[in-house]
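Notes follow once the structure below has been shown.
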Amino acid sequence: MTRISRREFAAGAAGAAALAGFAPAALAQGRARPRVVVVGGGFGGATTAKYLRMLDKNIQVTLVEPSQTFYTCPFSNLVLGGLRTLPSIAHNYTAMRNKYGVNVLHTTATKVDAAKKTVALANGQTLQYDKLVLSPGIDFKWGAIAGYDEPASQLLPHAWKAGPQTALLRRQLEAMRDGGTVVIAAPADPFRCPPGPYERVSMIAHYLKTKKPKSKILILDAKDAFSKQGLFMGGWKALYGDMIEWVPLSKDGKVVKVDAKTRQLECELGAKHKGDVVNVIPPQKAGAIAMAAGVAQGDWCPINPATFESTMRKDIHVIGDASIAAPMPKSGFSASSQGKVTAAAIVAMLQGKEPAAASFANTCYSLVGPDYGISVAAVYKVQDGKMIAVPNSGGVSPAQADPAFRKAEARYGESWYKANTAEVWG
Amino acid sequence: MTRLILAAAAVLASGMVPAQAQQADGRVLAMSCLNCHGPGGKSGGDIPSIAGKSEDFLKNALVDFREGKRTGNSATVMGRLAKGYSDDEIAAVAKYIATLK
Ligand SMILES: Cc1cc2nc3c(=O)[nH]c(=O)nc-3n(C[C@H](O)[C@H](O)[C@H](O)COP(=O)(O)OP(=O)(O)OC[C@H]3O[C@@H](n4cnc5c(N)ncnc54)[C@H](O)[C@@H]3O)c2cc1C
């Protein structure tokens, strides 16, 4: 054990300049079996772990994820709307273990030593790695909105990580009187799932329209424009009349303070609002382990988009919401697409080969109503070391489309969910 | 071949590292298709499966999507996506997907 780490330390220190980002020669010549540790069993991490094993059975992959059950944020808005149940968006790690031979440890990574190439776990274990992949998702910037801390989220749920928070918000909606007001505070860019708050508004509107039609929804927004805005607003008008009011930043929409007990919100220029149900989506940053590993610059992690290797620490790759991959949005599809490219790049690097040209895609389907789907799509590649959307590709669903088109996209969204979650956990 | 040499020359002229002059890799290109078309290209939902199709069928379909020959309700999203791929990339991805049974 000591001998291995000393040798790796020496190789790392002496070879750093010469290796130009590729694996130590010892690995290229087939020294035992390379070890990859993946932190986070969500969209990015679980995809990477599985694809590493699919692409190269010689690699030993350990996946570190505290939860036995993963509830997807995708389709959690449908749970709020009453179109899905929480168990229907739950996934587990059985296939990861049994089908792909990934060593899954249900614990939390607490520390990374980039020089020794070790990860410390909350269960007391320390793992040695040749390559480390971090896909920890997001953490919230508690206190960025005055009065909104973790205890406050038990009264005013964020529901921006799915599971108990989704269930809590759903219970509050069910308990609300007809004629009540639901207030949703949406954050400024960048944040997890740009169309997410507006799909949520749509699904809550669907629930209210069917069960509590006198109710209203107020969106207090920290920005002046949002993803698929024209399509959402057109859909809202068609399906929900004037149930929904959107207050942009320029109309004093940015919430700066909340009082959790009275459910009162205060905006930047002084406007005050009160809701019967209040959903606060707070500002976000990369998951804490990214900060602990020294791979974050400010709130997010800079990477080389060809391999998603950190530009700050060699042999640590950061993918998904935690990474700076713009123009790719922070989505589950993006995270999974990045995980696949990262797995292929790591396999090549461990064999001392050059990674193949990277290619990514993303599509975010949103449901405006049960039979009313819309989407935004794009293809991405790396040019001059930068992530770009391929010019003239992608875009949003047409502004004018017949009901059959919207219905087809609603069904394709469902089909996407099935395919994408099978690609990640199946 | 001439095309490859020209591409390499362009890359060198623009001062980029030659690492960027990589060939289209069908498997890497296909990986993101499976997020919609399902593991191994088998969908199990309303999005059509792409496993078990011939290389020609796949190539023609992608070109038709890209050139707007499939439109309206039979091209809800593929037109937007296919515009993101060059001829070489379409050829490479079709060749790889045709191996999925
Ligand atoms: C309401 C809503 C709707 C959405 N809808 C869509 C959609 O329709 N389509 C779409 O593509 N995207 C959607 N998203 C976005 C999507 O959920 C995220 O972009 C995606 O989850 C990001 O993947 P990730 O791997 O970066 O993080 P996650 O999927 O969040 O996974 C991170 C994992 O890391 C684990 N972790 C964190 N720290 C540690 C640690 N120290 N040690 C071990 N494990 C750790 C966590 O437990 C978690 O399981 C939606 C998001 C929301 C909130």
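These values consider heavy atoms only, across backbone and side chains, with no hydrogens, waters or symmetry-generated copies.
- Using a 4.5 Å cut-off between heavy atoms, A:Ala378 contacts chain B through its backbone alone, with no side-chain atom that close.
- Looking at A:Glu409 and A:Arg406, no side-chain N of the basic residue comes within less than 4.0 Å of a carboxylate O on the acidic one, giving no salt bridge.
- Ion pairing of B:Arg70 with B:Asp64 is absent here, as no side-chain N (NZ or NE/NH1/NH2) approaches a carboxylate O to less than 4.0 Å.
- Neither the backbone nor the side chain of B:Arg66 comes within contact range of chain A; no heavy atoms are under 4.5 Å apart.
- Heavy atoms closer than 4.5 Å to chain B are found in the side chain of A:Ala408, but not in its backbone.
- Residues of residues 75-85 of chain B lying within less than 4.5 angstrom of chain A, judged on heavy atoms, are B:Thr76, B:Val77, B:Arg80, B:Leu81, B:Lys83, B:Gly84, B:Tyr85 in numerical order.
- Residues A:Ser375 and A:Tyr412 bring no donor and acceptor atom of their side chains to less than 3.5 Å of each other.
- Judged purely by distance below 3.5 Å, without hydrogens or angles, the side chains of A:Glu199 and A:Tyr365 never pair a donor atom with an acceptor atom.
- At a 4.5 Å heavy-atom cutoff, the contact between A:Thr363 and chain B is made by side-chain atoms alone.
- Note that CD of A:Gln338 and CZ of A:Phe308 are 3.5 Å apart. Values are rounded to the nearest 0.5 Å.
- Minimum interatomic distance between A:Ser135 and A:Gly44 (heavy atoms only, all atoms of both residues): OG-CA, 3.4 Å.
- Contact of the A:Tyr100 side chain with the A:Val61 side chain is not registered, since no non-hydrogen atoms from C-beta on lie closer than 4.5 Å.
- Ranked by heavy-atom pairs shorter than 4.5 Å toward chain B, the options A:Ser336, A:Ala358, A:Ser397, A:Ser337 are led by A:Ser397.
- Ion pairing of A:Lys407 with B:Asp46 is absent here, as no side-chain N (NZ or NE/NH1/NH2) approaches a carboxylate O to less than 4.0 Å.
- Of the atoms belonging to A:Lys418, it is side-chain heavy atoms, and not backbone ones, that fall under 4.5 Å from chain B.
- With a 4.5 angstrom heavy-atom cutoff, B:Asp25 touches chain A only via side-chain atoms.
- Annotation: the span from A:Leu52 atom CG to A:Leu350 atom CG amounts to 8.5 Å, rounded to 0.5 Å.
- Proximity to chain B (any heavy atom under 4.5 Å) is shown, for A:Ala422, by both the backbone and the side chain.
- Checking A:Thr94 against A:Asn92 by side-chain atom types alone, a donor-acceptor pair falls below 3.5 Å.
- Residue A:Tyr380 does not touch chain B at all, counting heavy-atom pairs closer than 4.5 Å.
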